[in-house]
> 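Quick one: the structure is below, and I'll ask about it shortly.
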Amino acid sequence: MKKTIKLTESELKTVITRIIEQAAGYDDFQVMNHHGRISLRALITTLSDLLSVFRSIMNIIDSESLEYNTIVGLLHKAIGIITDINSVMGIVFKDFTDRDVVKKGKLLGRALESYQEKLITFMDMGEELVTKDMLLTKLVELTDIVTIKTKEYAIELTNYQKRFKSRIDFGKDEPKGSFN
């Protein structure tokens with residue numbers, strides 16, 4: 001079977017990408033199950049923490065006793081969690097085979113990075129942040145948008161986790177039968 005096959009550069013890249021994706025899987029279902037559950041749990045927990053900080057930001061802004069130090073503390077916390085989420089996503093996406101989940105996760109990661117940069121800009125404004133209603137309104141709008149995107153992705157991850165578990169259960173190694 002000695003045939004010469006001619007491929008364009010883009011076709012070759014496609015073939016290589018598919019081979020790498022297939023090789024990234026696990027040979028042992030127990031290892032896949034263990035590692036996949038840990039990484040998914042870490043991502044879902046970190047997203048939940050971020051949503052909690054978002055709720056706190058919104059509650060502080062809506063309250064009558066808005067203090068600069070309190071809001072800045074929450075913004076710092078949100079920035080740290082977003083950094084954690086992006087690093088966890090980098091780890092988790094190596095294990096995911098569902099391209100749609102990875103694509104949506106990368107889009108969320110970009111949105112979170114953009115939000116993180118805007119939070120840094122808000123904090124650089126100093127006390128002016130809490131004295132100008134326009135800035136607080138913009139912060140609320142941005143937080144609402146990112147909260148919605150994060151919740152949607154958390155739901156997507158939960159659904160993926162169910163599909164992942166059923167795939168693992170379906171593909172478990174069968175016990176070896178006794179031939180005695």
> Work out which heavy atom in Q116 is nearest to a heavy atom in I79; give both atom names and the distance.
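Q116 and I79 have their closest heavy atoms at NE2-O, 2.9 Å.
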> Return the OG1 to CD1 distance between T70 and I61, rounded to the nearest 0.5 Å.
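Interatomic distance, T70 OG1 to I61 CD1, rounded to 0.5 Å: 11.5 Å.
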> Give me the atom names and distance for the closest heavy-atom approach of A78 to L119.
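Minimum heavy-atom separation between A78 and L119: CB-CD1, 3.9 Å.
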> In Å and rounded to the nearest 0.5 Å, what is the CD to CD distance from E67 to E127?
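One finds 10.0 Å between CD of E67 and CD of E127.
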> Would I120 and I57 show up in the same hydrophobic cluster when neighbours are defined by side-chain heavy atoms closer than 4.5 Å?
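I120 clusters together with I57.
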> Do L157 and L107 sit in the same hydrophobic cluster, where Ile, Leu, Val, Met, Phe, Trp and Tyr count as joined when their side-chain heavy atoms come under 4.5 Å apart?
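They do not share one cluster, since no chain of ILVMFWY contacts under 4.5 Å joins L157 to L107.
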> From T143 OG1 over to L136 CG, what is the distance, rounded to the nearest 0.5 angstrom?
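Nearest 0.5 Å value for the OG1-CG distance: 10.0 Å.
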> Are Y68 and L139 connected, step by step, through hydrophobic side chains (Ile, Leu, Val, Met, Phe, Trp, Tyr) whose heavy atoms are closer than 4.5 Å?
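Linked, Y68 and L139 end up in one cluster.
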> Crowded around E9 CD? As in, over 12 foreign heavy atoms under 6.0 Å?
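12 or below, so no.
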> For the side chain of S48 and the backbone of I44, is there at least one donor-acceptor N/O pair under 3.5 Å apart?
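Side chain of S48 to backbone of I44, a donor-acceptor pair under 3.5 Å: yes, one is there.
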> Do L108 and M89 touch side chain to side chain, with heavy atoms closer than 4.5 Å?
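The answer is yes, as the side chains (C-beta and beyond) meet within the 4.5 Å cut-off.
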> Give a yes or no on whether the backbone of D84 and the side-chain of S87 come within a donor-acceptor separation of less than 3.5 Å.
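Pair found, side chain donor or acceptor close to backbone of D84.
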> Check whether any side-chain heavy atom of F54 sits under 4.5 Å from a side-chain heavy atom of D144, and report yes or no.
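Result no, sub-4.5 Å side-chain heavy-atom pair not found.
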> Are the side chains of L50 and T147 in contact, using a 4.5 Å heavy-atom criterion?
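No, side chains not in contact.
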> Going through the distances and angles, do F122 and L142 end up as a side-chain contact (heavy atoms from CB on, under 4.5 Å)?
CA-CA 12 Å; F122 281 132; L142 291 171; 3.8 Å; yes
> At their closest point, which heavy atom of K6 faces which heavy atom of E11, and how far apart are they?
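Scanning both residues, the minimum pair turns out to be O-OE1, 4.4 Å.
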> On a heavy-atom basis, which atom in L47 and which in Y153 lie closest, and how many Å separate them?
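Smallest interatomic distance, heavy atoms only, reads CD1-CD2, 4.0 Å.
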> How would you list, by chain and number, every residue that makes a salt bridge (charged side-chain N to carboxylate O under 4.0 Å, His left out) with E128, sequence neighbours excluded?
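If we apply the salt bridge (charged side-chain N to carboxylate O under 4.0 Å, His left out) test to E128, skipping adjacent residues, the hits are K132.
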> When you compare the side chains of K118 and S114, does any donor N or O come within less than 3.5 Å of an acceptor on the partner?
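Looking only at side-chain atoms, S114 and K118 do form a donor-acceptor pair, the distance falling under 3.5 Å.
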> So, for T46 and I81, which heavy atoms are closest and what is the spacing to 0.1 Å?
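Nearest heavy atoms, T46 then I81: O-CG2, 3.8 Å.
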> Please name the pair of heavy atoms, one in Y115 and one in I82, separated by the smallest distance, quoted to 0.1 Å.
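So the two residues come closest at CD2-CD1, 3.6 Å.
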> Do L112 and V140 share a hydrophobic cluster (ILVMFWY, side-chain heavy atoms under 4.5 Å, transitive)?
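As far as the 4.5 Å side-chain criterion goes, V140 and L112 are connected within one cluster.
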